[in-house]
Amino acid sequence: MSEPSRSSYILRATAFYLLFGLGWIVLSDRVLLALANPLDLAALSAAKGIFFVLASAAALFMALRSVPGGRVVASDSGLPEPAPRISTGQRWLRYGFALLITGCMLLVHQAMTPMDAGHPQFILFVLPIALSALVGGLGPGLLATFTALIGVDLTSQPALHSLAASPQNQFRWGLLLLNGLVLSLLSDRLRRASARLQRSSRLLHAVVTGTSDAVFVKDPQGRYLLANGAAGAFVNQAPESMLGVTDAQLFDAASAEHLRELDRQVMQSAEVQTHEESLTTLEGQQRVFMVTKGPVVDEAGTVNGLFGIARDITHLKADQERLLASEAALRDREQQLARVLQGSDQGYWDWHLPSNTFLVSERWETMLGFEPGEMDVATSRWPELVHPEDLPAALASIERHLKGESDAHVVEIRCRTKPGGWRWILSRGSIVTRSEDGQPLIMAGTHTDITERKQSELALREASVVFESSHEAIMMVNPEGLITKVNPAFTRITGFSEAEVSGRSPRLLASGQHGEPFYQELWRALQQHDFWRGEICNRRKSGELYVAQETISVVRDPQGQVLHYIGVFADISQLKAHEAELDRVAHHDLLTGLPNRHLLSDRMGQSILRSQRSGHPSAVCVLDLDGFKSINDRHGHSVGDQLLLGLSTRLQQVLRAEDTLARTGGDEFVLVLSEVGSTEECTLILDRLLQAVRQPFALAPDLNLGVSASIGVSLYPADNADPDTLLRHADQAMYLAKQAGKNRYQLFDPESDRLAQAHRQGLETLERALAQGEFVLHYQPKVDLDSGEVIGAEALIRWQHPERGLLPPADFLPQLHGSALEPSLGEWVIASALDQLSHWIAQGLPMKVSVNISANHLLQPEFCARLAQALARHPEVPPAHLELEVLESAAIADMGQAVEILRNCRALGVCFSLDDFGTGYSSLTYLRQLPVDTLKIDQSFVRDMLTDPDDLRIVQSVIQLAGVFHRQVIAEGVETLEHGARLRQMGCHCAQGYGIARPMPAQDLPGWCAAWLQAQAWQHL
């Protein structure tokens, strides 16, 4: 126990003794004066004094024996030693004290009995019983109790246990017994409880002071109420100096505020929490603690502070950080090694010799055409994997290295590929791990594909044999530049004999194809490097030109003077013929066969020259796939390669013949669009490209992948720059397209970009309008001018715009031309027209309806099948009641395909008419091939035929031409009855136009038909 506890105990004992002594003197004197007579006062006073001395001496002895020491000695286990056992002498001393004090009280009682008329004063014995129990425990208390009972019984007359005793005295005697027992038991319990409390206090103090963890208690205001030595050591303070202070006086402002917030959370949650605290002391020391904090709750359940136990883990955190740094460095080295192996395009192998386990990397397998993990590379299968001629050499090389006869295993072998062929492999390896006795444990190495090198070496050897057998031409020239000697091959190649050229200049072979700068550069190379090699065009004796691959070397003496020049050349005219093929291989992508970056640069230059000549702009487009890396990561590079192949094929189908598609690497393509007519035409091509990319790719029966693309475009000459700059601008625009959300294109030129974006937004608006059902069909009647019969109606699309009202087709159809939305809108028109036909048939109004079909829609591969599906959904509508109008001015790219589609549709029962006839480029052959039923005279001719003789003759010609080809004819644009009358005179009886009726909603047509028949306007023609 600490010194303050000892001092307080001595202070309490002294105060108790002082109060007891003063009380005894004052009270006992008053009792003697009140109860004793003057004769007995002296004797009683002496007895009182003797009793006081004995009692106080015993009490002082017991108190001094019980004073705690200055400290508690801890045992080896870290816990305080148990309280020492009471010796036998001390125990008998306590019993003697009980007998003494009780005996003294019996003397006092005996002296007081005459004054009380012989009545026992049992109350006097409560004090010796209580003192005996408090000082000695249960045994001395019971001894004092029974001593008092026996003594009172023996001194009483009559004896209390006899029948003659007064019942009141016997009751009081029994009550004394009961009080003695109760006091002895309670005093003993109190004494034991006090001993346990002291023992617990000593244990707690030993734990708190002995632990290396900081232990502290704070009040709600953050003031320290308790702190052990470890807590003080953490902040370089004595534990006593921490009491009553706050964290602001121990740590810097930020740390103190952080601690206040954490303490507040603990007291608010009333839960024990464990966390790390990074703190800075006032001396600037950085410390990290692992702290457990919990609330201090009073008897009412109110939180009135908190306790905490903190452990300094600063060094542990530092060790953890160093460990993490080491792990990160290790990972970096592993990644670096992986990158080196990947970049070197080498496969590696690992051979555990004791278990004969042979492991290889993925590249080891893929270089032989296998998928990763597909090969069985066990050593037992080496005879199947290695060429029989190379296996013995490989095994011998390994054996020599294992025996220590060579520093490494190095051998060139042929390994079998998955298709069954052979590839040359350079196998290197060495022992990387040995046992303690020096035996090899692990051997590791690499495999490098050297097939191309071996092929090159073979080609060189073969070429050498060819050159030697064919005797390459060799000529020697002296320092004066005159031929001194040639070999027979020279004569065979040039036609000149040695005699004819000896002493003459090599210029006799000059063809005149090279200018003077060529020869100046040749001599400059010889003077600077003593060597020149290149191709040169020479002339044979016969005058025939040939191309020679020539090497000229300068031979000098030890003093550096030129001895002679040696020229070695071979006729490579035939090799040059193959150069074009080699050039194609060098300028095309290996995977897709598309032009690579080298050929792309040439194509871009040609496109710029064509634009300069024609004045039509060219476009350079950079196309990058969105999300291609994730496809490679998820499905593997083989699937990615299949996707790139499919994409290149699909893009080539969309582009024109004069355009260029190149692959510049990875998933990036470059498109050169030559001589696009306008920005709008360029954007149409871009829309088709995006649509083509978005279509799913069926790469396997159970694998359909969908991707999108971002396209950047630069236009020349709007962007008047060189090819590299145009490509860079397009690349910048592509990144802008990706940033804008991907799956779109971005023009580099601001104004062109604005127009392109407007076009794209317009298409998006139309697509949204189609999805929301904003389009409607109006119908313009067609009538027979002879009979007045309503022979049908033309379905004309309108846009019921939510803000601008009803819009005519001229306000939105031009934006659809050539877009992916055009076929979708056409199918909606067909479906809506069939729905209306079905409704009119149900009303008893059979009507033929014609709808306009664009060339882009008609040439869709699935057009006929979709038309058949639409007719099948309306079996009540006769197919002949549906007529499809195709613009004669439409640019149908593939006439054979168009004719085939029209015939297939005719087989379904539908009819066709050629709209706007006379405005396009149709020839008689064109008209004869197309299986159409009706020719529609364009309204531009009909409208002015009454005033323009040329238009009138055109109308007459079309009517006559229709008769020749047995086609029906109908005139559109009939504005007045005069137009109708003139058409009847020329033989055209079918007409439509504003003079007959304007386009009207479907619900108005039945009423108009009835009014038309009733008015009989055709009778006035």
Side-chain angles (χ1 to χ4, degrees), residues 452 578-611 618-629 631-632 635-676 682 684-699 705-716 722-735 737-738 742-743 745-746:
E452 294 183 1
H578 299 290
E579 190 172 293
E581 178 64 20
L582 296 176
D583 182 75
R584 187 194 68 80
V585 174
H587 291 82
H588 288 78
D589 177 59
L590 296 179
L591 176 64
T592 61
L594 297 175
N596 58 15
R597 189 177 293 273
H598 298 290
L599 184 56
L600 171 66
S601 178
D602 179 71
R603 296 284 180 86
M604 290 174 63
Q606 296 178 13
S607 178
I608 290 175
L609 291 176
R610 284 197 296 269
S611 295
S618 296
V620 177
C621 311
V622 174
L623 183 149
D624 190 88
L625 292 181
D626 302 326
F628 181 73
K629 182 178 182 302
I631 293 177
N632 260 347
H635 302 287
H637 290 282
S638 60
V639 173
D641 291 345
Q642 295 180 36
L643 176 62
L644 293 176
L645 285 170
L647 177 65
S648 62
T649 302
R650 190 177 292 178
L651 293 178
Q652 286 177 309
Q653 294 173 348
V654 174
L655 294 177
R656 303 167 301 174
E658 62 270 22
D659 298 331
T660 298
L661 172 64
R663 180 183 178 219
T664 57
D667 59 334
E668 186 175 278
F669 295 80
V670 175
L671 302 90
V672 181
L673 308 180
S674 298
E675 297 182 284
V676 293
C682 179
L684 289 176
I685 298 175
L686 295 174
D687 285 331
R688 291 200 299 270
L689 290 172
L690 291 177
Q691 178 65 22
V693 176
R694 284 195 299 266
Q695 296 297 323
F697 290 85
L699 303 181
L705 295 179
V707 295
S708 62
S710 300
I711 304 177
V713 185
S714 61
L715 293 174
Y716 180 88
D722 57 79
D724 289 339
T725 304
L726 288 172
L727 189 61
R728 187 170 67 254
H729 288 173
D731 193 67
Q732 294 173 3
M734 183 271 292
Y735 281 106
K738 282 189 176 292
K742 303 180 181 179
N743 189 27
Y745 54 81
Q746 178 78 29

- Query: Roughly how far, to the nearest 0.5 Å, is the CG atom of Leu643 from the CG atom of Asn632?
  - Reply: 8.5 Å
- If only atom types and distance count, is the side chain of Thr660 paired as donor or acceptor with the main-chain N or O of Val672 below 3.5 Å? no
- Using salt bridge (charged side-chain N to carboxylate O under 4.0 Å, His left out) as the criterion, list what pairs up with Lys742, not counting sequence neighbours. none
- For residues 588-604, the salt bridge (Lys or Arg N to Asp or Glu O under 4.0 Å) pairs (sequence neighbours left out) are Asp589-Arg663
- Task: State whether a side-chain donor-acceptor pair under 3.5 Å links Ser607 with Ser618.
- Result: yes
- Message: Using side-chain contact (heavy atoms from CB on, under 4.5 Å), reason through Leu673 and Leu655 one step at a time and then give a plain yes or no.
- Response: CA-CA 8 Å; Leu673 308 180; Leu655 294 177; 3.7 Å; yes
- What are the two closest heavy atoms between His587 and His598, and how far apart are they? CD2-CB, 3.4 Å
- Message: Looking at every non-hydrogen atom in both residues, tell me the closest pair between Leu645 and Leu591 and how far apart they are.
- Response: CD2-O, 3.1 Å
- Task: Under the side-chain contact (heavy atoms from CB on, under 4.5 Å) rule, what do Asp667 and Leu647 come out as? Steps first, then yes or no, please.
- Result: CA-CA 10 Å; Asp667 59 334; Leu647 177 65; over 6 Å; no
- What one should report as the nearest heavy-atom pair of Leu661 and Leu671 is CD1-CG, 3.7 Å
- Message: Could you measure the distance from the SG atom of Cys682 to the CG atom of Asp687? Nearest 0.5 Å is fine.
- Response: 9.5 Å
- For Arg650 and Val693, work out which heavy atoms get closest and say how close. NH1-O, 4.1 Å
- If you measure from CD on Glu668 to CG on Asp731, what distance do you get to the nearest 0.5 Å? 5.5 Å
- Query: Out of curiosity, Thr592 OG1 to Leu644 CG, how far, rounded to the nearest 0.5 Å?
  - Reply: 8.0 Å
- Task: Report yes if the side chains of Val707 and Phe628 come closer than 4.5 Å at any heavy-atom pair, otherwise no.
- Result: no
- Item | For Val654, all residues meeting side-chain contact (heavy atoms from CB on, under 4.5 Å), sequence neighbours excluded | Arg688, Leu689, Ala692
- Note on the structure: CD1 of Ile711 to CD of Gln746, rounded to nearest 0.5 Å, is 11.5 Å
- Note on the structure: Nearest heavy-atom approach of Phe669 to Ser648 is CE2-CB, 4.3 Å
- Query: Does the Asn596 side chain pair with the main chain of Leu599, one donor and one acceptor, at a distance under 3.5 Å?
  - Reply: yes
- In Å, rounded to the nearest 0.5 Å, how long is the span from CG of Leu600 to CG of Leu594? 10.5 Å
- Going by distance alone, is a donor N or O of one side chain under 3.5 Å from an acceptor N or O of the other, for Ser710 and Asp624? no
- Task: Show your working on side-chain contact (heavy atoms from CB on, under 4.5 Å) between Leu705 and Val639 and close with a plain yes or no.
- Result: CA-CA 10 Å; Leu705 295 179; Val639 173; 3.7 Å; yes
- Note on the structure: Here the pair of heavy atoms bringing Ala730 nearest to Val620 is CB-O, 3.4 Å
- Kindly indicate, with the supporting measurements, whether the criterion side-chain hydrogen bond (donor to acceptor under 3.5 Å, both in side chains) is fulfilled by Gln691 and Arg694. CA-CA 5 Å; Gln691 178 65 22; Arg694 284 195 299 266; 2.8 Å; yes
